[in-house]
Amino acid sequence: MDTSSPSAFVNGALLRRYIGQKVRTVIQVIGSDTGSVVGKSTDDLQIVVRGPSTTPPLTTYLEVIGIAESDNSIRAETWTNFGNTFDPQNYNELCKLASGEFKHLFI
Amino acid sequence: MYGGEFDGNAAFAGGGFMPSQATTQANDSSASLKNRDVRTLLPLTLKQLSGASTNGESNFSVDGVDINTVAIVGRISRMENRITQVDFVVDDGTGWVDCVRWCQERQETEEMEAVKLGMYVRLHGHVKSFQGKRSVNVFSIRPVTDFNEIVHHFTECMYVHMYNTKLRGGSVAHGGSTTQATATPRPQMPYSTIPTSAKPYQTGPSNQFSNQINDPMHGVKQTVMNYLNQPMHLVSEAGVHCDIIARDLRIPPLQVRQAIEQLSSDGCVYSTVDDTCFKSTLNA
């Protein structure tokens with residue numbers, strides 16, 4: 001059991017707080033290139049995800065876990081297709097609570 | 001000769017030869033009552049689980065609620081299949097934990113076959129501690145198919161945490177995740193998945209709350225007691241005639257009689273001069 005390297009739940013606005021740290025977020029995929037995916041965060045900000053050069057088929061929503069490189073880009077270690085029926089507003093609220101009032105349950 | 005139904009305990013119980021029988025029964029029933037009371041299912045983040053306070057012997061508690069079964073949602077980051085058991089590691093973003101799933105029945109094996117490395121899963125299990133290391137003994141696991149479930153799980157963790165800490169009067173500090181274990185923890189309302197009222201539920205033998213609900217005479221008895229507990233009636237030797245009580249309180253004499261009978265058998269009042277005059281046993 002270990003809690004030494006958590007990944008913070010972030011949306012576009014919270015990403016800047018965790019630069020250099022492990023984060024996780026869900027983006028709505030707008031476009032993809034070799035080695036990078038451009039998406040919209042749950043609070044409608046643009047986020048670029050740099051990942052492995054071969055991008056597998058992506059669903060509408062994509063969860064990315066990785067290191068925050070800047071206030072709008074993440075270097076992905078893992079990504080998971082979250083399907084097409086994900087609710088971004090719920091996730092957005094979760095990010096706000098998990099970084100705010102209930103931070104002690106997460107990080 | 002020895003196959004008969006002779007129940008020695010029952011035969012001797014009446015004479016008081018086997019007092020331990022009664023006490024062990026009482027212990028068992030109270031122990032099982034306690035177990036039934038604390039059969040909780042807590043959705044937790046692994047951060048919460050790692051911060052759970054313990055009083056040794058695998059008794060964990062979070063936010064003052066004893067942990068019985070936990071629900072975790074996370075990714076499988078490592079997995080080793082050892083035929084009779086599967087050892088795996090679940091990472092939910094707040095931490096990771098070693099898990100074990102024993103597969104002795106076919107159904108258990110099939111359940112584990114549906115779970116692959118890298119998948120998000122929901123699992124239920126018991127928390128175990130061995131040499132200071134905590135792990136989860138999983139008895140139910142399934143892949144997550146709708147990823148809103150992940151958001152739901154964490155939201156539920158926050159809700160349950162808030163629910164349990166609010167019931168303690170908000171005495172939990174937000175800084176540390178380990179809650180201070182009080183010496184005599186009050187019986188808490190463990191969060192269950194059945195929606196209940198927000199009132200703290202008190203278990204235990206002296207459940208006066210439920211008595212009040214079942215007792216239609218309670219209001220009258222209370223009024224009569226308040227009346228008899230007044231200083232002037234407490235000091236009077238002769239007590240008060242029950243008709244006078246009825247007149248002063250404007251309650252029908254029959255109801256007063258009934259109330260006094262019940263109060264008398266409860267030991268709250270006693271008759272003085274004859275069985276129409278009564279006094280409170282307070283300060284008697």
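Sequence lines set the chain letters: A, B, ... in the order given, protein chains first and strands last, and positions in each chain run from 1. What's counted below: heavy atoms across the whole structure, side chains too, no hydrogens, waters or symmetry copies.
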Would you find more than 12 non-hydrogen atoms of other residues, nucleotides or ligands less than 6.0 Å from B:E105 atom CD? no

Taking the ring of B:F154 and the ring of A:F106, is the distance between their centroids below 6.0 Å? yes

B:D146, B:D92, B:T155, B:D91: which one forms the most heavy-atom pairs within less than 4.5 Å of chain A? B:D92

Are the side chains of B:M158 and A:L94 in contact, using a 4.5 Å heavy-atom criterion? yes

So, using ring pair (Phe, Tyr, Trp, His ring centres under 6.0 Å) as the criterion, who are the partners of A:F86 when residues are at least two apart? A:Y61, A:F82, A:Y91

Determine yes or no for a side-chain-to-main-chain donor-acceptor pair under 3.5 angstrom, with B:N148 supplying the side chain and A:T85 the backbone. yes

Which residues in residues 37-50 of chain A have any heavy atom closer than 4.5 Å to a heavy atom of chain B? none

When heavy-atom pairs shorter than 4.5 Å are enumerated against chain A, which of B:G95, B:G118, B:G93 gives the highest number? B:G93

Part of A:E63 lying under 4.5 Å from any heavy atom of chain B: side chain

Any residue meeting ring pair (Phe, Tyr, Trp, His ring centres under 6.0 Å) with B:F88, in chain and number order, not counting sequence neighbours: none

Side chain, backbone, both or neither: which part of A:L105 has a heavy atom under 4.5 Å from chain B? both

Using every non-hydrogen atom in the two residues, find where A:H104 and B:H161 come nearest and quote the distance to one decimal. NE2-NE2, 3.0 Å

Neighbours of chain B found in residues 4-11 of chain A - heavy atoms under 4.5 Å: A:P6, A:S7, A:F9

If you round to the nearest 0.5 Å, how far is CZ of B:R75 from OG1 of A:T78? 4.5 Å

So, do A:M1 and B:V97 sit near enough that their side-chain heavy atoms are less than 4.5 Å apart? yes

